[in-house]
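Comments concern the structure below.
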Amino acid sequence: MNRGEALLLEVGAFSRRLVTRVGRASLFLGAVLRRSQMPFARPRLLLREIYTAGVLTLSIVVVSGGFVGLVLGLQGYDTLQRFGSETALGSVVALSLLRELGPVIAALLFASRAGSAMTAEIGLMKATEQLDAMEVMAVDPIARVIAPKFWGGVLVMPLLAAVFSAVGVLGGWFIGVVVIGVDEGTFWSQMQGAVSWEEDVAGGVIKSAVFGVVVTWIALYQGWSCRPTAEGVSQAITRTVVLGALAVLAADFVLTAFMFIGV
Amino acid sequence: MANSRFDLWVGLFVVVGVAALFFLAFQVSGAASARVTGETIQVVAYFDNIGGLKVKAPVKSAGVLVGRVTAIRLDPSTYRAEVTMAISRAVPFPKDTSAAILTAGLLGEQYVGLEAGAESEMLQDGDRIAVTQSAVVLEKLVGQFLVQRSAE
């Protein structure tokens with residue numbers, strides 16, 4: 001067997017594994033969606049997941065949003081004042097937060113804070129054979145454990161992104177108006193003139209909902225399909241964070257191209 | 001006890017999230033102030049040149065917001081721009097009101113300025129504003145200025 005043949009073999013095997021993995025993950029998502037009655041029939045389960053995915057992520061989202069807003073205020077002012085248009089600071093801060101930074105950074109934080117926790121929890125349940133035990137007791141682990149986590153993550157993500165953007169705008173306002181002294185009225189009216197409700201605010205909400213689906217799906221599938229050993233769980237957590245971040249950034253590009261630029 | 005703790009925190013989280021959405025909707029995007037409240041009438045005006053006027057641009061009279069531009073299209077028979085505006089029914093304008101395309105500040109956004117006329121009959125839904133003044137196009141002004149200078 002010569003070298004070219006070996007290379008082709010390698011590429012073929014890689015593609016087969018890739019397609020298999022994507023297919024299994026899609027079947028998994030389908031199964032979760034089909035067995036999603038339980039979190040809505042028993043809201044207590046959903047509430048618990050909203051608590052772990054949302055409430056516990058809120059603090060890191062607020063702090064990061066604040067800092068991103070402060071930096072945007074400083075950098076935006078520095079760039080804009082070179083063109084004598086520092087009054088546009090409000091619209092720069094609001095548009096960049098609502099369209100990109102809010103949904104994307106909130107999703108990245110969500111993947112590393114909540115997504116990794118989901119993967120770890122499910123992976124450990126698998127490693128300690130709790131999922132098998134549930135099946136023995138005729139409890140469907142997908143309906144009882146996975147589906148509430150999925151819907152918790154999907155519902156929480158848009159709210160986290162909105163909080164991030166709102167805190168970021170306040171951070172930009174603090175730097176621009178309080179520290180630097182841009183006129184307060186101009187700051188807000190420029191912002192309101194530039195930001196449209198249907199396009200920017202709703203667009204950001206749609207983006208973050210899509211990111212919520214993507215990140216939660218990856219986190220749950222990695223936990224569900226990991227090797228049930230200590231090493232397997234740790235690898236699955238790493239993959240959740242890495243794949244989650246990559247998927248968010250790639251999905252962001254596609255969504256931006258469709259929603260704002262209209263390709 | 002544990003359940004009510006979850007309820008409390010989740011409730012707080014949802015309230016904070018929804019408050020953030022409302023803040024974004026009203027303070028940041030100005031959805032409330034951007035809408036002309038109450039009933040509106042549609043009026044049409046034809047301009048030779050609308051410059052950079054866009055749909056949703058404000059319609060102002062004496063600097064006060066009275067409406068919004070709802071549609072812009074080119075009339076295929078006259079090759080003039082047909083601008084449709086929704087203006088508040090609460091402020092009736094006389095039939096001989098004139099419309100001009102003005103600029104907010106030196107390089108700001110363009111808007112339609114209405115100058116009320118003197119007639120006693122008021123504009124109705126679907127009426128046409130006859131007297132219009134087009135946008136000032138900077139390139140044309142510069143061109144005129146250069147021609148004048150070279151003529152001197």
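Everything numeric in this text was worked out from a predicted model, so none of it was measured. First the proteins, then the strands, lettered A, B, ... as listed; each starts at 1.
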With a 3.5 Å cut-off and sequence neighbours excluded, list the donor-acceptor pairs that the side chains of residues 53-64 of chain A form with protein atoms.
| unit_1 | atom_1 | unit_2 | atom_2 | d |
| --- | --- | --- | --- | --- |
| Thr57(A) | OG1 | Ala53(A) | O | 2.4 |
| Ser64(A) | OG | Ile60(A) | O | 2.5 |

Item checked: side chain to side chain contact (heavy atoms under 4.5 Å, CB included) assessment of Met191(A) paired with Gln27(B) -> CA-CA 9 Å; Met191(A) 189 186 289; Gln27(B) 179 69 17; over 6 Å; no
Margin query: Just to be sure I understand the criterion: a residue of residues 151-179 of chain A counts if one of its heavy atoms is under 4.5 Å from a heavy atom of chain B. Which ones qualify?
Written below: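 Val156(A), Leu159(A), Leu160(A), Ala162(A), Val163(A), Ser165(A), Ala166(A), Val169(A), Leu170(A), listed by number.
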Margin query: Is it the case that over 12 heavy atoms from other parts of the model lie below 6.0 angstrom from the CD atom of Glu115(B)?
Written below: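 Result for CD/Glu115(B): open.
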Item checked: Arg149(B), CZ atom: more than 12 neighbouring heavy atoms under 6.0 Å ->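 12 or below, so no.
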Result block: side-chain N/O donor-acceptor pairs under 3.5 angstrom for residues 65-79 of chain A, not counting sequence neighbours:
| unit_1 | atom_1 | unit_2 | atom_2 | d |
| --- | --- | --- | --- | --- |
| Asp78(A) | OD2 | Arg82(A) | NH2 | 3.1 |
| Thr79(A) | OG1 | Gln75(A) | O | 3.0 |

Notebook entry, point to check: CZ of Phe6(B) to CD of Glu49(A): how many Å apart, nearest 0.5 Å?
Noted result: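 Separation between the atoms: 9.0 Å.
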Margin query: To the nearest 0.5 Å, what is the distance between CH2 on Trp197(A) and CZ on Phe26(B)?
Written below: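 Result: 7.0 Å between the selected atoms.
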Next item on the list: Before accepting this row, confirm whether a basic side-chain N of the pair Arg44(A)/Asp7(B) lies closer than 4.0 Å to the acidic partner's carboxylate O.
Entry: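 A salt bridge is present here (some side-chain N lies under 4.0 Å from a carboxylate O).
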Next item on the list: List the atom of Ile50(A), the atom of Phe13(B), and the distance in Å for their closest heavy-atom pair.
Entry: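 Scanning both residues completely, I find the closest heavy atoms to be CG2-CD2, 4.0 Å.
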Next item on the list: State which residues pass salt bridge (Lys or Arg N to Asp or Glu O under 4.0 Å) with Asp96(B); sequence neighbours excluded, sorted by chain then number.
Entry: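 Salt bridge (Lys or Arg N to Asp or Glu O under 4.0 Å) list for Asp96(B), sorted by chain: empty.
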